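From a predicted model like this one, the values you see are computed outputs, not experimental measurements. Both counts, for ligands and for their atoms, begin at 1 and track the order of listing.
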Amino acid sequence: MDYAKKFQVKPGDKVNLDKVDAGFKDQHKSKEDALELIETYNSKLKELQYLLYAENKHSLLICLQGRDAAGKDGTINHVLSTLNPQGCTVSGFKVPSAEEAAHDFLWRYHKAAPARGQVGIFNRSHYEDVLVVRVHSLVPEAIWSKRYDQINDFEKILHNNGTHILKFYLHIDADEQLKRFKKRIDDPQRHWKISESDYTERNYWNDYTSAFESAMEKCSTTHAPWFIIPSNHKWFRNLAISEIIVQTLESLQMKTPEPTVDITQIRKRYHEILQKEEKSKPK
Ligand code: ADP
């Protein structure tokens, strides 16, 4: 299935999240049914990351956004489980520190953007500055409303310098969020995950919907697309996201770099050393 095509917000599209089925799972009946495909993408992802690292030409930035309990952490666990940690960074963004707040809003995100050869994952991202900030009027509208263009410019700079950007909105519905809250209450191992703000933010459900819709309508571009990923089923979310990442990396047609040494000569030298050392070994 071409999930990139199916879930991508095309530039100029109107977004109506209430019309998107968060429980979509395509033709797959269950997790078990999709497991083989998930495994295939996992191993492809591993190979592609190796090439990304070896080639050291491009980088990949994955931005994860969603409501509380949408599964940002779970997605990171899934994607990371296949990646080599040496080629990967994860950055989470919370309420800005005093130092961060004293800079322009993009400062902390630009600093965390992945270097060449690296995969960078943003757990929340620069979009918080047109989401929570807009919903709670943390800055005047005259300021946040200009940020969409600023974000587009920022992403263009990254893209023009070799960073490929994928932005995933993890779409769960209100019933699923409540179910996940209950699971957290019922399981002492998850109590640490409960925060007061999860419950207060739920009261702003519709305001967040509008803010997410605006962000995706104004900032889904060909070079930094938004994808709305049905995420009620965690395994389907993982499957769709893995497929889109694999497809994006495959499109880069990466190759291992040419050797910087003459391999024939090096092989000869290796055998010379081997012979010499064999000879000098005590009989
Ligand atoms: P998470 O939910 O990501 O696991 P927290 O529970 O600590 O982590 O939540 C982080 C909080 O920081 C969220 O409520 C989020 O809206 C807030 N936040 C992130 N970026 C900003 C920002 N730029 N301005 C204000 N609040 C922000």
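Inspection of the Glu155 and His126 side chains reveals an N or O donor paired with an N or O acceptor under 3.5 Å. Asn238 and Tyr41 form no side-chain donor-acceptor contact under 3.5 Å, judged by distance and modelled atom types alone. Side-chain N/O atoms of His78 and Ser242 include a donor and acceptor closer than 3.5 Å.
Protein heavy atom nearest atom 26 (N) of ligand 1, with residue, atom name and distance: Val132 CG1, 3.6 Å. For atom 16 (O) of ligand 1, the closest non-hydrogen atom on the protein side is Glu128 OE1, 3.0 Å. Residue, atom and distance of the protein heavy atom nearest to atom 13 (C) of ligand 1 are Arg124 CZ, 3.6 Å. Nearest protein heavy-atom contact of atom 12 (O) of ligand 1 is Val95 N, 3.2 Å. The protein heavy-atom contact nearest to atom 6 (O) of ligand 1 is Ser195 OG, 4.4 Å. Given atom 22 (C) of ligand 1, the protein heavy atom at minimum distance is Pro96 CD, 3.5 Å.
Of all atoms in ligand 1, listed by their number and element, those nearer than 4.0 Å to a heavy atom of Leu138 are 25 (C). Close approach of ligand 1 to Asp129 is summarised as follows: ligand atoms under 4.0 Å from at least one heavy atom of the residue are 23 (N). Shown in contact with Val133 at under 4.0 Å from a heavy atom are these atoms of ligand 1, numbered in order with element: 24 (N).
Within the set Lys94, Glu100, Arg108, Glu201, the minimum heavy-atom distance to atom 23 (N) of ligand 1 is found for Arg108.
For the pair Arg67 and Tyr208, the cation-pi test (distance below 6.0 Å, angle within 45°) is failed.
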| task | Please assess Phe168 against Phe7 for the test ring pair (Phe, Tyr, Trp, His ring centres under 6.0 Å), listing each intermediate value before the final yes or no. | result | CA-CA 9 Å; Phe168 296 108; Phe7 298 140; 9.9 Å; no

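Ring pair Phe122/Tyr127: centre-to-centre distance not below 6.0 Å. The aromatic ring centroids of Phe236 and Tyr3 lie less than 6.0 Å from each other.
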